[in-house]
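Chain A is the first sequence line, chain B the second, and so forth, proteins listed ahead of strands; every chain is numbered from 1. Not measured: the values here are computed from a predicted model.
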Amino acid sequence: MPEKRIVLSKCGIVDPGDISSYLRQGGFKAFLKARDELTQEGIVDEIKRSGLTGRGGAGFSCGLKWELAGKSRSKEKYLICNADEGEVGTFKDRYILMHDPFGLIEGMCIAGLAVGAGVGYIYLRAEYHSLLELLSNAIEQVRRKGYLKHMDLRVFEGAGAYICGEESALMNSLEGLRGESRYKPPFPPTQGLWEKPTVINNVETLMNIPHIITNGADWFSAMGSPRSKGTKVFCVSGDVARPGVYELLMGSSMRELVMDLAGAQDVKAVQIGGATGSILPGGRLDISLSHETYLGSGAVVVFNGSRDIIDIVYKDMLFLHEESCGKCTPCRDGMEAMVEIYGRLINGQADPEDIRILEDLAQTMSLASLCGLGQAAPVPVLDSLKYFHDEYDAIIRQSVYVRGRASVL
Amino acid sequence: MMFSLKRVHAAIDGKKVKVRAGTTILEAARQAGIEIPTLCHIQDHGPTGVCRVCIVEVEGARTLVGSCHTPLAEGMVVRTNTPKVLSVRKAVVELMLTAHTGTCVNDPNADNCGLHNLASDYEVGAPRFNVITPRFYPIEDMNPYVRRDLSKCILCRRCITACREIAGKNVLTIGYRGFDSKVTAGYDEALTTDECRACGICIEYCPTGALSRPHEFTGIMTARPTKGLSRKDQTAARTGRALLLPGLKRELARSSHLSREAMLRVAGEVDLPLCDVFGVSSFYAYLPRRDKAVNRIRICKCVPCDLKGAPPVIGSLKRVLGIAPGETTPDGKFSLEVVSCIGACDQAPAMLINDDLFGHLSPEKIADILKTY
Ligand SMILES: Cc1cc2nc3c(=O)[nH]c(=O)nc-3n(C[C@H](O)[C@H](O)[C@H](O)COP(=O)(O)O)c2cc1C
Ligand code: FES
């Protein structure tokens with residue numbers, strides 16, 4: 001199956017600096033349909049029936065979230081677009097914002113109607129500061145067209161913290177608090193920003209909205225797999241000939257993505273979903289990509305035969321160690337302990353007992369951490385232990401400790 | 001929390017319980033005579049949920065859940081002492097023991113330490129985990145009212161809750177991020193504030209020996225719980241707070257780094273204490289406090305860039321600039337930071353100079369790129 005461009009259909013075709021080019025491509029027709037022909041419930045129902053799920057990583061039903069917040073009678077509700085995109089290997093939202101900011105804004109305009117949000121925010125990561133002007137300019141043009149009468153749309157800029165992509169940390173950051181995760185429940189649709197009902201969606205999720213409103217829920221739900229409808233934008237990087245963004249139907253095969261499209265050869269392993277993502281051996285490229293299997297944020301990093309898996313996991317751990325918010329014990333102190341063990345593994349100072357300790361630490365972090373960062377941090381550790389155990393064995397066999405003892409015996 | 005007349009029914013360790021909707025698992029368990037250990041929780045105050053020793057098993061839940069902050073729901077089946085709960089709880093205590101440098105072996109007051117007692121209850125023994133450098137801080141006893149030995153701090157935040165919610169003051173906050181987190185005052189200064197005079201409420205709530213009364217202290221504590229903010233004040237405070245990050249950014253655009261004076265200015269504008277402004281700004285990687293570089297180079301070190309040759313490019317940057325990561329050139333023209341993924345993995349290895357993105361880097365290209373600044 002070749003690429004199927006829906007979310008990216010206007011990228012490279014419209015001028016991101018000029019709304020009239022977007023309008024010429026049929027832009028804002030979906031918004032006008034939603035505003036003039038559909039009720040609030042009607043929009044929510046369409047999105048719910050489409051089966052659209054979140055593209056930011058967790059894959060929760062978008063319609064269900066909207067319904068929860070939409071039903072609330074609170075006078076103050078918020079809509080947030082998560083453009084924090086900090087997951088290692090993910091760059092699709094940057095690509096979308098750069099090429100089709102109007103598509104996102106149209107999606108947000110519709111979401112605002114559906115939820116009844118009076119204020120919308122785009123939380124933009126600090127690393128994408130260069131896109132701020134383009135985005136603000138696009139919002140201004142939409143406002144002048146009169147499409148933002150129902151919602152005040154603003155851009156809020158982060159300040160360098162991966163954890164602020166986690167929805168509760170993002171809301172804390174927006175409120176001017178430290179960008180630390182909150183315990184859940186309550187979830188944002190009931191108590192989000194300033195404890196008011198809030199819908200948070202990823203950039204790509206919102207990009208799907210105008211297409212669903214225009215073409216209908218049935219058109220959308222006919223694509224993909226049972227629990228994953230529509231398409232997914234993947235970001236391929238690492239050892240491939242053609243790194244970049246590729247939009248494929250949900251359920252497409254990994255082989256097609258990394259070999260046929262991105263031009264990988266000699267694949268030793270792939271990591272799906274960033275630094276907290278699963279690591280799979282090259283022998284398993286026939287898996288399909290969907291919420292049922294592997295997906296995450298859509299980041300796929302490819303490793304060729306020359307790569308050292310333990311070193312890769314170590315670098316993932318260094319990233320998570322640096323980015324842990326430090327609020328809860330298992331993640332804050334557990335990441336430090338994790339990095340300590342990997343440091344010794346890499347330096348040839350590990351001992352067979354360390355693998356057992358590593359597994360206990362992984363279990364503790366995934367079961368007791370407050371948020372998704374600490375809970376998912378052990379995933380690459382456990383996957384690499386599962387599929388590349390021989391590399392751990394080899395490194396331990398060579399380690400100073402074991403060699404030292406062998407010479408004594 | 002809203003008061004509700006609704007009741008929920010659930011089972012904790014096989015015991016049937018019936019409590020008012022909104023009651024936490026911890027509270028419900030206590031009412032049923034089942035003890036769950038806690039460290040960060042202060043009875044009758046909102047949950048903090050950070051220590052994680054109160055975790056329990058809830059049937060159908062993907063992970064263990066914090067009992068101090070999770071409301072009991074209708075039909076929940078909770079177990080507080082399964083082998084899984086006990087082993088994870090023990091590991092959490094081990095992590096706390098490992099991460100701090102407090103030495104209590106010969107401390108006559110160790111029996112008063114909540115962590116020490118928990119460790120004995122769970123027969124933790126010598127922790128299996130190690131850390132690279134345990135948190136260590138010199139003892140602070142400049143303040144006549146509170147002595148701080150933060151090496152013994154387990155970051156449970158009870159002192160912060162006590163200071164804010166019980167004493168009605170705003171002296172303490174959490175500063176920095178991750179493993180570097182620390183309970184800070186002001187611009188991470190020694191606790192010398194006069195506000196602590198005749199207070200010391202934080203000491204009462206510290207579960208370890210991190211906070212104690214100086215030996216010569218003879219005064220009496222007179223601090224009284226204060227009333228909460230009115231609704232109108234809350235809205236004002238909320239609006240002020242939301243302007244904090246934009247305010248810090250504005251200062252940064254003016255002076256390239258955030259000095260104590262700059263933070264004080266922002267604190268005045270948004271009507272927050274300096275400790276809060278410091279706590280928030282030290283959380284973020286892109287709000288520098290010390291170096292005053294004109295141009296900030298941020299090069300990505302994450303896996304996709306690493307695979308594509310970030311290390312030699314970093315080497316080239318170090319050579320050409322004559323500085324190490326974290327430093328600024330003597331003329332103040334460039335600073336160099338090695339940072340987390342910047343979302344340009346398709347152009348790896350990549351770096352930002354201020355807001356300009358440079359991709360497909362190689363060591364040879366560095367000198368020419370830097371010349372354009
Ligand atoms: C550590 C962590 C980082 C996250 N980073 C992002 C991110 O950068 N962008 C994003 O859209 N979602 C991110 N998420 C997921 C969000 O919490 C949230 O699920 C998502 O924004 C919801 O939008 P969606 O339903 O449209 O996917 C992250 C989650 C975790 C636990
Ligand atoms: S008492 Fe529940 S997390 Fe600390």
Side-chain angles (χ1 to χ4, degrees), chain A residues 85-86 88-91 94 126-130 157 159-162 173-179 183 185 194 235 237-239 243-244 275 301 303 307 312 315-316 319 321-330 332-337 339-340 343 357 360-361 363-364 366-368 370 375, chain B residues 47 49-52 55 63-64 66 69-71 84 87-88 91-92 95-96 98-99 128-132 154-155 174 176-181 238 241-245 248-249 270 279-280 283-287 301-304 306-307 339-346 348 352 355-357:
Chain A
E85 191 162 62
V88 175
T90 316
F91 44 86
R94 174 174 57 86
E127 290 81 347
Y128 294 173
H129 181 78
S130 58
E157 222 192 326
Y162 158 65
S173 178
L174 243 168
E175 289 184 20
L177 297 159
R178 289 163 55 81
Y183 52 77
W194 291 297
C235 316
S237 65
D239 297 318
V301 187
F303 311 118
R307 305 299 182 182
I312 287 161
K315 302 233 157 86
D316 285 341
F319 165 80
H321 175 259
E322 193 169 320
E323 299 296 335
S324 162
C325 79
K327 187 171 177 179
C328 74
T329 314
R332 179 191 61 231
D333 297 344
M335 277 320 306
E336 174 84 6
V339 166
E340 195 272 341
I357 297 175
D360 280 357
L361 182 59
Q363 147 138 332
T364 303
S366 62
L367 289 175
L370 190 58
Q375 288 165 10
Chain B
V50 303
C51 75
R52 314 309 289 164
I55 38 132
T63 62
L64 299 174
H69 59 78
T70 308
K84 196 194 230 171
S87 90
V88 170
V92 170
L95 283 171
M96 280 189 219
T98 312
R128 290 163 294 172
F129 309 121
N130 293 300
V131 293
I132 299 162
I154 54 167
L155 297 165
I174 289 276
Y176 309 103
R177 178 168 87 192
F179 194 73
D180 298 330
S181 297
R238 174 184 128 169
R241 228 183 216 293
L243 296 174
L244 175 53
L245 212 45
L248 290 168
K249 290 254 167 112
V270 302
V280 170
F283 183 84
Y284 296 99
Y286 282 41
L287 300 177
K301 60 156 187 299
C302 283
V303 169
D306 183 73
L307 294 177
V339 298
S340 296
C341 182
I342 56 174
C345 331
D346 51 342
L352 288 166
D355 299 325
D356 309 330
L357 178 65

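Here the closest heavy-atom approach between residue C325(A) and residue S181(B) is recorded as O-OG, 4.0 Å. Taking every heavy atom of both residues into account, R52(B) and T329(A) meet most closely at CG-N, 4.3 Å. Between A337(A) and L95(B) the shortest heavy-atom distance is CB-CD2, 4.1 Å. What you find for Q363(A) and S87(B) is that their closest heavy atoms are NE2-OG, 3.9 Å. Residues G179(A) and F283(B) come closest through the heavy atom pair O-CZ, 3.0 Å. In plain terms, the two heavy atoms of S237(A) and C345(B) that are nearest each other are CB-O, 3.6 Å.
Of the listed residues M96(B), R238(B), R241(B), the one with more heavy-atom pairs under 4.5 angstrom with chain A than any other is R238(B). For chain B, the option among Y162(A), Y183(A), F303(A) with the highest count of heavy-atom pairs below 4.5 Å is Y183(A). Contacts with chain A were tallied for L352(B), L248(B), I342(B); I342(B) has the most, counting heavy-atom pairs under 4.5 Å. Of the listed residues (A348(B), G49(B), G66(B), C51(B)), the one with the most heavy-atom contacts under 4.5 Å to chain A is C51(B).
Looking at heavy atoms from C-beta onward, F319(A) lies out of side-chain contact with K301(B) at the 4.5 angstrom threshold. You'll find the side chain of P71(B) reaches within 4.5 Å of the side chain of P185(A), heavy atoms only. For the pair D333(A)/L155(B), no side-chain contact is recorded, criterion being any heavy-atom separation below 4.5 Å from C-beta on. Contact annotation: the side chain of H321(A) approaches that of F179(B) to within less than 4.5 Å [non-hydrogen atoms, C-beta and beyond]. Between T98(B) and E340(A) there is no side-chain heavy-atom pair separated by less than 4.5 Å. Side chains of S130(A) and D356(B) form no contact here, defined as non-hydrogen atoms less than 4.5 Å apart. The side-chain heavy atoms of Y284(B) and S173(A), taken from C-beta on, include a pair separated by under 4.5 Å.
Looking at L245(B), only its side chain comes within 4.5 Å of chain A, counting heavy atoms on both sides. Interface remark: T90(A) contributes backbone atoms only to the contact with chain B (heavy atom separation under 4.5 Å). Contacts between I132(B) and chain A at a heavy-atom distance below 4.5 Å involve backbone atoms as well as side-chain atoms. Using a 4.5 Å cut-off between heavy atoms, S366(A) touches chain B through its backbone atoms (N, CA, C, O) alone. Heavy atoms of D306(B) lying under 4.5 Å from chain A belong exclusively to its side chain. Residue contact with chain B, scored on non-hydrogen atoms closer than 4.5 Å, involves the side chain of V301(A) exclusively. For A344(B), the parts lying under 4.5 angstrom from a heavy atom of chain A are both the backbone and the side chain. Only the side chain of L244(B) comes within less than 4.5 Å of a heavy atom in chain A; its backbone stays farther off. Contact annotation for L177(A): both backbone and side-chain heavy atoms come within less than 4.5 Å of a heavy atom of chain B.
Rounded to the nearest 0.5 angstrom, D355(B) CG and Y128(A) OH are separated by 13.5 Å. The structure places CG of D360(A) at 4.5 Å from CZ of R128(B), a figure rounded to the nearest 0.5 Å.
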Problem set entry | Audit row: R94(A), D346(B), salt bridge (Lys or Arg N to Asp or Glu O under 4.0 Å) steps and yes/no | CA-CA 11 Å; R94(A) 174 174 57 86; D346(B) 51 342; 3.0 Å; yes

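Taking a cutoff of 4.0 Å between a charged side-chain nitrogen and a carboxylate oxygen, R177(B) and E322(A) do not qualify as a salt bridge.
Using a distance-only test at 3.5 Å, with no hydrogens or angles considered, no donor-acceptor pair links the side chain of T63(B) to the main chain of A368(A). For the pair R178(A) (side chain) and I174(B) (backbone), a donor-acceptor distance under 3.5 Å is present.
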